[in-house]
Amino acid sequence: MLGLDKSILWIVGGQVVGLLNNFLLLKLLTVNLSITAYGYFALWMSVMLFVRQLIYDPLSIVAAKEVVTVPFLGEKGVSGFQVVKYLTDRIMFGLLLVGALSVVGEMVFYKQISTTAYVLMGCIYLVANGAQGIYLNMLNALKQRKWASIGIAADSFVKFCLVLLVFFLEEKSVFATLQAVAISSLLVFIGVQHATSHRFDRATSITDSAKWPQAKQLVVLSTPFFVPTLLTALKGLGDKVFMASFIGVEELAAYNVLLQLGFIPMMLIVGVIQTFVSPDIYKLASDNTNNQQKTVAYIQGIVIRIGLLSVVAIIISLLLSHLVFEMLVGAKYTAYSIYLPYFVLAGAIGGIAGLLNVGIIGVFKPKRVGSLMVISVLVGLVILIISMLVYGFKGAIVGLILSNLFMMLIFGHSLLASSSKINRIYLFSL
């Protein structure tokens, strides 16, 4: 049971504010940008998500799991936040250096700044959004739901406000949008890092050389997740690149609108539940091996509830899809409203797969988790690419559903198999 913990109100509040601001931002962009311009913005964001997942997500997975143990990675006097700041500051320096050098190089060799300006905005966005994601994940793992939710809400609110301001003061263009997105991410990250260091980092101040062993260990523990994260990122980027290359940027824009209105909101709804229960899953799984059975039973109950909630959401999307499109994106995209229920379905399946992924991270060793993620994402990527190449836009929708379904099934089967195995061992010992 999820219980009556009042922190769930912070989680729901943060996600609701984030969702509403994202809807407002979507409306702002689709009304003021052409379909082609919005398609290029969606492609840029997909590339940024790919790089962010590759660099930061493996570290985030391990940091969230390990931060609940004291001392962090077995070293007294060193907090998880200190180690993460040590690593992310160095990643930040490297990415900003790449962005600055690319601008200087284009200015020196081509006497202009055009393409590399997009690279620089991307680097600013990455160093802020990537590190911020790790901090918020760690805060949630420590059950500091209030501050994690404030960070999520602030990210979407500041982004919407800055895009609105830029559109008012400057031209309504893709680059103006990217400027606002990058700067808003940087401002929110500065706030999150400042609040974290002052409220939750109680460890003794130590030198950088003392943080290095734990930073190195964090990277080593993260390495089993790099390959599956790479494949997951390729899956998320691959559909956008293939669609832009073989179908067209306009279709990519419509696909991204459907993601924003159907897939992502459903993922966020399930994400509220995942955010609330993931610390309990980690705690159940880490106590002792026999608790794997309790962990799996706990996850099963949550999945059943999510399934019932998903049925209701799909029915609502069937009835209101056309109205939703008219309200949130306008006449240019309403022809695509018939596909909304399929994206809600894909989001529900993807959300359940994400919850089961938390379960396998808690139950299994990193190498086993990495192997399961590699298999699930690799097969899902193949399904997605083949579906898109054969059936185009509709194939991308089918591939999105089937790839997430395969991931859900392989994670669910692995958890059930681990629980059955424990039962067999227990009966044999009797």
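All residue numbers refer to positions in the sequence shown, counting from 1.
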Exercise. Please test Leu59 against Ile91 for side chain to side chain contact (heavy atoms under 4.5 Å, CB included), starting from the C-alpha separation and ending with a verdict.
Key: CA-CA 12 Å; Leu59 298 173; Ile91 296 172; 4.1 Å; yes

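- Counting all heavy atoms, side chain and backbone alike, Met267 lies closest to Gly351 at SD-N, 3.2 Å.
- Between the side chain of Ser60 and the main chain of Asp57, no donor-acceptor pair closer than 3.5 Å is present.
- Cation-pi geometry between Arg52 and Phe50 is not satisfied (NZ or CZ under 6.0 Å from the ring centre, within 45° of the ring normal).
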Residues 21-32 side chain polar contacts: donor-acceptor under 3.5 Å, at least two apart:
{"residue": "Asn21", "atom": "ND2", "partner": "Val17", "partner atom": "O", "Å": "3.0"}
{"residue": "Asn21", "atom": "ND2", "partner": "Ser156", "partner atom": "OG", "Å": "3.4"}
{"residue": "Asn22", "atom": "ND2", "partner": "Gly18", "partner atom": "O", "Å": "3.1"}
{"residue": "Lys27", "atom": "NZ", "partner": "Met327", "partner atom": "O", "Å": "3.0"}
{"residue": "Thr30", "atom": "OG1", "partner": "Leu26", "partner atom": "O", "Å": "2.7"}
{"residue": "Thr30", "atom": "OG1", "partner": "Lys27", "partner atom": "O", "Å": "3.3"}
{"residue": "Asn32", "atom": "OD1", "partner": "Lys172", "partner atom": "NZ", "Å": "3.0"}
{"residue": "Asn32", "atom": "ND2", "partner": "Leu28", "partner atom": "O", "Å": "2.7"}

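- When all heavy atoms are compared, the tightest approach of Ala131 to Phe189 is CB-CE1, 3.5 Å.
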Exercise. Please report the C-alpha distance between Asn140 and Gln144 in whole Å, then the side-chain angles of each, then the deciding distance to 0.1 Å, and finally whether the side chain to side chain contact (heavy atoms under 4.5 Å, CB included) criterion is met.
Key: CA-CA 5 Å; Asn140 178 62; Gln144 297 291 340; over 6 Å; no

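- Residues Ala37 and Leu33 share a closest heavy-atom pair of CB-CB, 4.0 Å.
- A distance of 12.5 Å separates OG of Ser317 from CD1 of Ile338, quoted to the nearest 0.5 Å.
- Thr116 approaches Val103 most closely through the heavy-atom pair OG1-CA, 3.5 Å.
- In this structure, Phe406 has its ring center no closer than 6.0 Å to that of Phe411.
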Practice problem: Applying side chain to side chain contact (heavy atoms under 4.5 Å, CB included), run through Val181 and Tyr125 and close with a yes or a no. | Solution: CA-CA 7 Å; Val181 168; Tyr125 175 79; 3.7 Å; yes

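- The number of heavy-atom neighbours closer than 6.0 Å to CZ of Phe160, taken from other residues, nucleotides and ligands shown, is above 12.
- Rounded to the nearest 0.5 Å, atoms CG (Leu309) and CD1 (Ile302) are 13.0 Å apart.
- Within the structure, every pair that satisfies the ring pair (Phe, Tyr, Trp, His ring centres under 6.0 Å) test and touches residues 321-340, not counting sequence neighbours, is listed here: Tyr336-Phe393, Tyr339-Phe393.
- Distance alone, capped at 3.5 Å, places no donor-acceptor pair between the Ser149 side chain and the Lys146 backbone.
- Note that CD1 of Ile397 is 12.0 Å distant from CG of Leu402, once rounded to the nearest 0.5 Å.
- Side-chain contact between Leu416 and His413 is absent, with no heavy-atom pair separated by less than 4.5 Å.
- Residues Ile299 and Val358 have side chains not in contact (no heavy-atom distance under 4.5 Å, counting atoms from C-beta outward).
- The side chain to side chain contact (heavy atoms under 4.5 Å, CB included) with Trp147 is formed by just one residue from the set Val192, Thr196, Leu139; it is Leu139.
- Between the CZ atom of Phe157 and the CD1 atom of Ile150 there is a distance of 13.5 Å, given to the nearest 0.5 Å.
- Here Arg90 contributes atom CZ and Lys85 contributes atom NZ; the two are 8.5 Å apart, rounded to the nearest 0.5 Å.
- Proximity of Leu261 to Val329: side-chain heavy atoms (C-beta onward) are separated by under 4.5 Å at one or more points.
- Using a 4.5 Å heavy-atom cutoff, the side chains of Ser34 and Tyr38 are not in contact.
- A pairwise comparison of heavy atoms in Met266 and Ala313 identifies SD-CB, 3.8 Å as the closest pair.
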Exercise. Take Trp44 and Leu178, measure what side chain to side chain contact (heavy atoms under 4.5 Å, CB included) needs, and give me the verdict at the end.
Key: CA-CA 9 Å; Trp44 182 89; Leu178 301 186; 3.2 Å; yes

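- Taking the side chain as every heavy atom from C-beta outward, Ile349 and Ile352 never approach each other to under 4.5 Å.
- Without hydrogens or angle criteria, Ser184 side chain to Ala180 main chain gives a donor-acceptor distance under 3.5 Å.
- Summarising the geometry, atom CG belonging to Leu400 is positioned 11.5 Å from atom CD1 belonging to Ile383; distances are rounded to the nearest 0.5 Å.
- Residues Leu319 and Ile315 are in side-chain contact: their nearest non-hydrogen atoms beyond the backbone lie under 4.5 Å apart.
- Using a 4.5 Å heavy-atom threshold, the side chains of Leu187 and Leu162 count as touching.
- The neighbour count for Phe175 CZ, taken as heavy atoms of other residues, nucleotides or ligands under 6.0 Å away, is above 12.
- Of all the heavy atoms in Met92 and Val127, the pair that sits closest is CA-CG1, 3.5 Å.
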